[in-house]
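Some notes on the structure that comes next.
Every chain is numbered from 1 and lettered A, B, ... according to where its sequence line falls, protein lines coming before strand lines.
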Amino acid sequence: EVQLVESGGGLVQPGGSLRLSCVASGFTFSDPFMDWVRQAPGKGLEWVGRIRTKPHSYITDYAASVKGRFSISRDDSRNSLYLQMDSLKTEDTAVYYCARNWNHALDYWGQGTLVTVSS
Amino acid sequence: EIVLTQSPGTLSLSPGERATLSCRASQSLAGSYLMWYQQKPGQAPRLVIFGDSSRGPGIPDRFSGSGSGTDFTLNIYRLEPEDFAVYYCQQYGGSTGTTFGQGTKVEIK
């Protein structure tokens, strides 16, 4: 059974940093690209970014709203995906989901972790 | 950036009826790059349709996707109580990024 479990969310002040983790099980983690998607309270889904696989040089892509502030990485030996968030803004408040990217479709999602940016 | 516009914003239907949801892209998409997701309150999204109108894991055959170019449709035949949710379309833009539509809520009439 495919499982994705996020952690690391919490309350952080504007300008602060936070690192989210996503641990995967039930599939060969090194095979697929992995994405992060967020959802602000009461709003729709917003794509955050993506990391490719080792054969694709672990290349990352980001939404314009987070580029230069957020960084995605992965540790295939630990079946783990990470989202480093710096210079956080109040508008970054959201539930953050990790998702498996299988042939461009996000076919499995974690349960999400809430990040609140507030003073 | 490709913008996806979904319509209607809300669809009020009764169980057993057919739901037709629309997703229009600001630029032509490659056919395999438009997906549909279902989201219920307090839950993560769930993949409904991907690729060449294939269904996601555990999705019943009353869900059907179609379309090409800039116009795509999700049909839900014979709505069941568990189908009432918000549906999002999504396009895969490669290195230029992925975007989602704003969502269509399918509610019980």
Side-chain angles (χ1 to χ4, degrees), chain A residues 1-6 9 20 22 24 26-27 32-53 56-68 70 72 94-114, chain B residues 1-10 21 23 25 29-59 63 65 72 74 85-106:
Chain A
E1 179 192 7
V2 172
Q3 282 197 322
L4 298 168
V5 180
E6 302 97 336
L20 306 184
C22 169
F27 64 100
F33 297 0
M34 295 294 295
D35 287 44
W36 286 98
V37 176
R38 68 183 181 183
Q39 187 170 35
K43 302 297 184 182
L45 301 173
E46 180 186 17
W47 179 74
V48 172
R50 167 184 310 125
I51 186 165
R52 301 170 196 233
T53 57
H56 293 88
S57 304
Y58 296 124
I59 290 173
T60 52
D61 303 304
Y62 299 95
S65 58
V66 306
K67 198 168 187 178
F70 288 14
I72 298 173
V95 174
Y96 285 74
Y97 297 100
C98 65
R100 187 176 84 163
N101 182 325
W102 199 261
N103 292 326
H104 315 313
L106 305 180
D107 63 348
Y108 288 95
W109 298 60
Q111 84 290 349
T113 186
L114 176 62
Chain B
E1 176 185 282
I2 296 177
V3 176
L4 299 178
T5 302
Q6 293 187 239
S7 61
T10 301
L21 288 66
C23 178
L29 305 179
S32 63
Y33 291 175
L34 193 285
M35 276 64 71
W36 291 92
Y37 299 85
Q38 174 194 71
Q39 188 178 33
K40 298 178 182 179
Q43 297 185 15
R46 181 186 184 192
L47 177 65
V48 175
I49 296 290
F50 70 99
D52 189 16
S53 300
S54 299
R55 284 182 291 277
I59 299 298
F63 287 85
F72 298 84
L74 174 67
V86 178
Y87 291 84
Y88 295 94
C89 58
Q90 174 231 336
Q91 66 86 22
Y92 174 81
S95 60
T96 61
T98 285
T99 53
F100 290 91
Q102 82 279 18
T104 289
K105 182 179 182 180
V106 179

>> Between B:Tyr37 and A:Trp109, is the ring centroid distance below 6.0 Å?
In response: yes
>> At a heavy-atom distance under 4.5 Å, which candidate from B:Val48, B:Thr99, B:Leu47 has the highest pair count against chain A?
In response: B:Leu47
>> Whether the side chain of A:Tyr108 engages the backbone of B:Pro57 through a donor-acceptor N/O pair (distance < 3.5 Å, no angle test) should be reported.
In response: no
>> My understanding is that only residues two or more places apart in sequence, or in another chain, count here; which of them pass salt bridge (Lys or Arg N to Asp or Glu O under 4.0 Å) with A:Arg52?
In response: A:Asp61
>> For A:Tyr62, which atoms come within 4.5 Å of any heavy atom of chain B: side chain, backbone, both, or neither?
In response: neither
>> For chain A, which candidate among B:Pro41, B:Gly103, B:Pro45 shows the most heavy-atom pairs at distances under 4.5 Å?
In response: B:Pro45
>> At a 4.5 Å cut-off on heavy atoms, which part of A:Val37 comes close to chain B: side chain, backbone, both, or neither?
In response: side chain
> What is the minimum heavy-atom distance between A:Gly44 and B:Tyr88, and which atoms define it?
Replying inline: CA-OH, 3.4 Å
> What is the minimum heavy-atom distance between A:Trp47 and B:Gly97, and which atoms define it?
Replying inline: CZ3-CA, 3.3 Å
>> Just checking B:Lys40: does its NZ atom have more than 12 heavy atoms from other residues, nucleotides or ligands closer to it than 6.0 angstrom?
In response: yes
> Of all residues at least two apart in sequence or in a different chain, which pass the salt bridge (Lys or Arg N to Asp or Glu O under 4.0 Å) check with A:Arg38?
Replying inline: A:Glu46, A:Asp92
>> Walk me through whether B:Tyr92 and A:Arg50 qualify under side chain to side chain contact (heavy atoms under 4.5 Å, CB included).
In response: CA-CA 11 Å; B:Tyr92 174 81; A:Arg50 167 184 310 125; 3.3 Å; yes
> Which value, rounded to the nearest 0.5 Å, describes the distance between A:Leu106 atom CG and B:Arg46 atom CZ?
Replying inline: 15.0 Å
>> To the closest 0.5 Å, what do you measure between CD (B:Gln39) and CG (A:Leu45)?
In response: 5.5 Å
> Got a second to check how far A:Gln39's CD is from B:Phe100's CZ, nearest 0.5 Å?
Replying inline: 9.5 Å
> What distance separates A:His104 NE2 from B:Gln91 CD, expressed to the nearest 0.5 Å?
Replying inline: 11.5 Å
> How many angstroms lie between atom CG of A:Asn103 and atom OG of B:Ser54, to the nearest 0.5 angstrom?
Replying inline: 10.0 Å
>> Minimum heavy-atom separation for A:Gly110 and B:Ala44, please, with both atom names.
In response: O-CB, 3.1 Å
